[in-house]
Amino acid sequence: MKINPTAAYQAYNKISDYGHTLRRTGAAGETPAAEKSGKTDRIQISQEATRQLEVEQLSRSILAEIREPASAERLESLRNAVQKGEYNVPTDRLVDAVMRHLVA
């Protein structure tokens, strides 16, 4: 059976939020009945699944940027700069762009 990591992550968050709500609404020191009887469901997301989800989200954001059309003037100026050997990307801007994608 294949598990969609995005759906599993969302389900985990819903269950986690529901459990926190139950704990907040219960009396101090009182254990919910479901926990006493052992009738609780738990979902555990592996680190690999979490990484896969992050990679999928990063891929989607990169694809969204790639699909945005560029103006003809911008493309022509870039083409001319590359042909003349004048095109360069400042290292700090390149590092910032890579880090934004890795951290976001």
Original post:
When rounded to the nearest 0.5 angstrom, what distance separates CG in L53 from CD1 in I45?
Top reply: 9.0 Å
Original post:
Between H101 and L58, what is the shortest heavy-atom contact and its length?
Top reply: O-CD1, 3.1 Å
Subject >> Listed partners of S59 passing side chain to side chain contact (heavy atoms under 4.5 Å, CB included), at least two apart >> reply: V55
**OP:** Scan residues 73-91 for pairs that pass side chain to side chain donor-acceptor pair (under 3.5 Å), counting only residues two or more places apart or in two chains.
**Re:** E76-R79
Subject >> Note: R51-E48 ion pair, threshold 4.0 Å (strictly below) >> reply: yes
Original post:
With a cut-off of 6.0 Å (strictly less than), are more than 12 heavy atoms of other residues, nucleotides or ligands near CG of D41?
Top reply: no
